[in-house]
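Comments concern the structure below.
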Amino acid sequence: QVRLVESGGGLVQAGDSLRLSCAASGRTFVSFAMGWFRQAPGKEREIVAAINWDGGKTYYLDSVKDRFTISRDNAKNMMYLQMNSLKPEDTAVYYCAVDPDSDRVVRLATAYDYWGQGTQVTVSS
């Protein structure tokens, strides 16, 4: 059974930083694409960042470029999202996801087979 567990969310003020973590278990994800998504109330789920199997290639949503950094530690089956200079519009539930069918950067949510339960990030102005 595949399991993804996010942690690190919380309530912060604009300009603060948070680091989200995603712990994967049940399978070895060393060769799989991974990504971070978010969903705000009343909005569709959107990709925030994605990373290929070895961390050498990444993708970022335009609005988070230069503020967020995605990374992974395959030895620990972990993925991270460092979020700096947070803005109120970053408020959402953040989800990590795995696409076991690709080792590349994957942007489409429909390509991901495994999802975590989500962690709430709230940024106050």
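This chain uses plain numbering: 1 for the first residue, then up along the sequence.
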Closest approach of Ser17 to Ser85 (non-hydrogen atoms, all atoms of both residues): OG-N, 4.2 Å
Going by the disulfide bond (SG atoms under 2.5 Å apart) test, which pairs reach into residues 95-125, not counting sequence neighbours? Cys22-Cys96
Answer yes if the ring centres of Phe37 and Trp115 are under 6.0 angstrom apart, and no otherwise. yes
Going by the rule salt bridge (Lys or Arg N to Asp or Glu O under 4.0 Å), which residues pair with Lys76 if we only count those two or more places apart in sequence or in a different chain? none
Using a 4.5 Å cut-off between side-chain heavy atoms of Ile, Leu, Val, Met, Phe, Trp and Tyr, which other residues end up in the same hydrophobic cluster as Val5? none
Run the salt bridge (Lys or Arg N to Asp or Glu O under 4.0 Å) test against Asp90 and tell me which residues pass, sequence neighbours left out. Arg38, Arg67
Determine whether Glu6 and Tyr94 make a side-chain contact, defined as any pair of heavy atoms from C-beta on separated by less than 4.5 Å. no
Return all side-chain donor-acceptor pairs below 3.5 angstrom for residues 101-113, not counting sequence neighbours, or 'none' if the list is empty.
from	atom 1	to	atom 2	distance (Å)
Ser102	OG	Arg104	N	3.0
Tyr112	OH	Val106	O	2.6

Heavy-atom distance under 4.5 Å between the side chains of Thr91 and Gln120, does that happen here? yes
Heavy-atom pair of closest approach, residues Val48 and Phe68: CG1-CD2, 3.6 Å
How close do Ser21 and Tyr80 get, heavy atom to heavy atom, and via which atoms? OG-CD2, 3.4 Å
Atom CE in Met83, atom CG in Asp16: separation rounded to 0.5 Å? 11.0 Å
Apply salt bridge (Lys or Arg N to Asp or Glu O under 4.0 Å) to Asp66 and list each qualifying residue two or more places apart in sequence or on a separate chain. none
